[in-house]
Asker: 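Starting off with a structure, shown below.
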2 protein chains.
Amino acid sequence: MANKMGYLSCLDTVKPVRDAIDVINGKWKLPIIISVMTGNERFTDIQESIPGITPKVLAKELKDLEQHQLIKRVIVDDYPVKILYKPEPYAHTLTPIIDSLKHWGLNHRKRIFDKE
Amino acid sequence: MANKMGYLSCLDTVKPVRDAIDVINGKWKLPIIISVMTGNERFTDIQESIPGITPKVLAKELKDLEQHQLIKRVIVDDYPVKILYKPEPYAHTLTPIIDSLKHWGLNHRKRIFDKE
DNA sequence: TATTTCACTTTCCTTTAGGAAAGTACTATA
DNA sequence: TATAGTACTTTCCTAAAGGAAAGTGAAATA
């Protein structure tokens, strides 16, 4: 009694992929990380660099990303006080994911254009 | 008058990444593709290979994936009729994305374990 | 003094995702 | 005849995501 399983196990891949998806889920997390890694540091700059994002969503997602230690919120005590968002080193480990998605997205758009 | 933009443009990356995310969004699409690419072909096999998925969600996601031509639904006219889900060649173009997510997820789990 | 900028928050609302449980129509097997 | 398997669908529900619009408080600028 061991093998009543009629299917092929794929948990070795499914589990870590789901762990990753759980961190970067939703429409906005990767765009925000991309914007911050590009060098946008101010709230309004990030907001303007990502078409369609609202301040409410941006504020919420920035908090999530901070908790996952992908970005940090820096308070600069000049007058006036400035708030800067900077990528943590850990954010850069997402580069291969971003690159593969970018590459696939570019190709996908080409594919759809070509057939229609 | 051209440059009133105080932020850095990152649309070159953000747009294709969002195109990709729009196709593989949600918790379940990549797990299902992984299961089908692993060789699971029957509805119940796919369902059992992905812990937590319900038949309702699986049915809906399979339809979405078919529309994007990532899998195909094959009706085999034996008695009884069998229904098989097979990966389309296009599904294999997702491999770099899956690999990068898997790798990142594995590392992420290690990172969390190590610090706690 | 009035307006603008910055970094948000608040309120209200709609949509989408997802889960639990049961049902269904067909066929196969004991 | 009774049970089990296959591939779903249906109903009901909650939670989370997301959008639109306005507001806020402090400080800078005109």
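A, B, ... follow the sequence lines: proteins, then strands. Residue 1 opens every chain. All of these numbers come straight from a predicted model, not from anything done at the bench.
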Asker: Given D/dT9, is OP1 or OP2 found less than 4.0 Å from the side-chain N or O atoms of B/Lys60?
Answerer: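 So the side chain of B/Lys60 is outside the cut-off, no N or O lying under 4.0 Å from OP1 or OP2 of D/dT9.
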
Asker: Would you mind building the protein contact string for nucleotides 23-30 of chain D? One character per nucleotide, 5' to 3', B for base within reach (heavy atoms under 4.0 Å), S for sugar-phosphate only, - for untouched.
Answerer: ----SS--

Asker: Rounded to the nearest Å, what distance is computed from the OH atom of residue A/Tyr7 to the P atom of nucleotide D/dT6?
Answerer: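 So the two atoms are 13 Å apart, to the nearest Å.
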
Asker: Kindly write out the residues that satisfy side chain to side chain contact (heavy atoms under 4.5 Å, CB included) with A/Leu58, not counting sequence neighbours, or none if the list is empty.
Answerer: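 Here the qualifying residues are A/Ile32, A/Phe43, A/Ile46, A/Gln47, A/Ile53, A/Leu62.
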
Asker: Does any residue of residues 35-43 of chain A have a heavy atom under 4.0 Å from DNA chain C, and if so, which ones, in number order?
Answerer: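 Contacts with DNA chain C under 4.0 Å: A/Arg42, A/Phe43.
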
Asker: Measure the distance from CG on A/Asn25 to C1' on D/dA17 and round it to the nearest whole Å.
Answerer: 10 Å

Asker: If you define the side chain from C-beta out and look only at heavy atoms, does anything of B/Lys86 sit under 4.5 Å from B/Ile71?
Answerer: no

Asker: List in chain and number order the residues that pass side-chain hydrogen bond (donor to acceptor under 3.5 Å, both in side chains) with A/His108, two or more places apart in sequence or in another chain; answer none if no residue qualifies.
Answerer: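 For A/His108, the residues satisfying side-chain hydrogen bond (donor to acceptor under 3.5 Å, both in side chains) (neighbours in sequence not counted) are B/Tyr90.
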
Asker: Walk along DNA chain C from 5' to 3' and tell me the first and last nucleotide with an atom closer than 4.0 Å to a non-hydrogen atom of chain A.
Answerer: C/dC6 to C/dC12

Asker: Kindly indicate, with the supporting measurements, whether the criterion side-chain contact (heavy atoms from CB on, under 4.5 Å) is fulfilled by B/Leu70 and B/Val23.
Answerer: CA-CA 10 Å; B/Leu70 290 163; B/Val23 174; 3.9 Å; yes

Asker: Flag the pair A/Tyr85 / A/Glu41 as yes when at least one side-chain heavy-atom distance between them is below 4.5 Å, and no otherwise.
Answerer: no

Asker: Taking side chain to side chain contact (heavy atoms under 4.5 Å, CB included) as the definition, give me every residue that meets it alongside A/Arg109, ordered by chain and number, with sequence neighbours left out.
Answerer: A/Phe113, B/Asp19

Asker: D/dC8 phosphate, OP1 or OP2: any side-chain N/O from B/Tyr85 under 4.0 angstrom?
Answerer: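 B/Tyr85 to D/dC8 OP1/OP2: side-chain N or O found under 4.0 Å.
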
Asker: Is B/Lys82 touching bases, backbone alone, or none of the nucleic acid, heavy atoms closer than 4.0 Å?
Answerer: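 It contacts nothing in the nucleic acid.
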
Asker: Given 3.5 Å as the limit, does a donor-acceptor pair link the side chain of A/Ser35 with the main chain of A/Pro31, or not?
Answerer: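 No.
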
Asker: Just wondering, do A/Pro51 and B/Leu11 contact through their side chains at under 4.5 Å, heavy atoms?
Answerer: yes

Asker: Within the 4.0 Å heavy-atom criterion, would you say B/Lys63 contacts the bases, only the backbone, or no part of the nucleic acid?
Answerer: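 Sugar-phosphate contact only.
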
Asker: What is the distance from CD1 of A/Ile53 to P of D/dG18, rounded to the nearest Å?
Answerer: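 Computing the A/Ile53:CD1 to D/dG18:P distance gives 9 Å.
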
Asker: Is there a side-chain contact between A/Trp28 and the phosphate of D/dA16, meaning an N or O under 4.0 Å from OP1 or OP2?
Answerer: no

Asker: Answer yes or no: does atom NZ of A/Lys72 have more than 12 heavy-atom neighbours from other residues, nucleotides or ligands under 6.0 Å?
Answerer: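 Yes, because the 6.0 Å sphere around NZ of A/Lys72 holds more than 12 heavy atoms from other groups.
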
Asker: With a 6.0 Å cut-off (strictly less than), is the heavy-atom count around NE2 of B/His68, excluding the residue itself, greater than 12?
Answerer: yes

Asker: Tell whether A/Lys56 reaches the base of D/dG19 with its side chain through a donor-acceptor pair below 3.5 angstrom.
Answerer: yes

Asker: Rounded to whole angstroms, how far apart are CG on B/Leu84 and C1' on D/dT6?
Answerer: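 Taking atom C1' of D/dT6 as the reference, CG of B/Leu84 is at 12 Å.
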
Asker: Between B/Glu61 and B/Pro55, which residue's closest nucleotide on DNA chain C lies nearer the 5′ terminus?
Answerer: B/Glu61

Asker: Evaluate the side-chain proximity of B/Ile98 to B/Met37: yes if any heavy-atom separation is below 4.5 Å, no if none is.
Answerer: yes

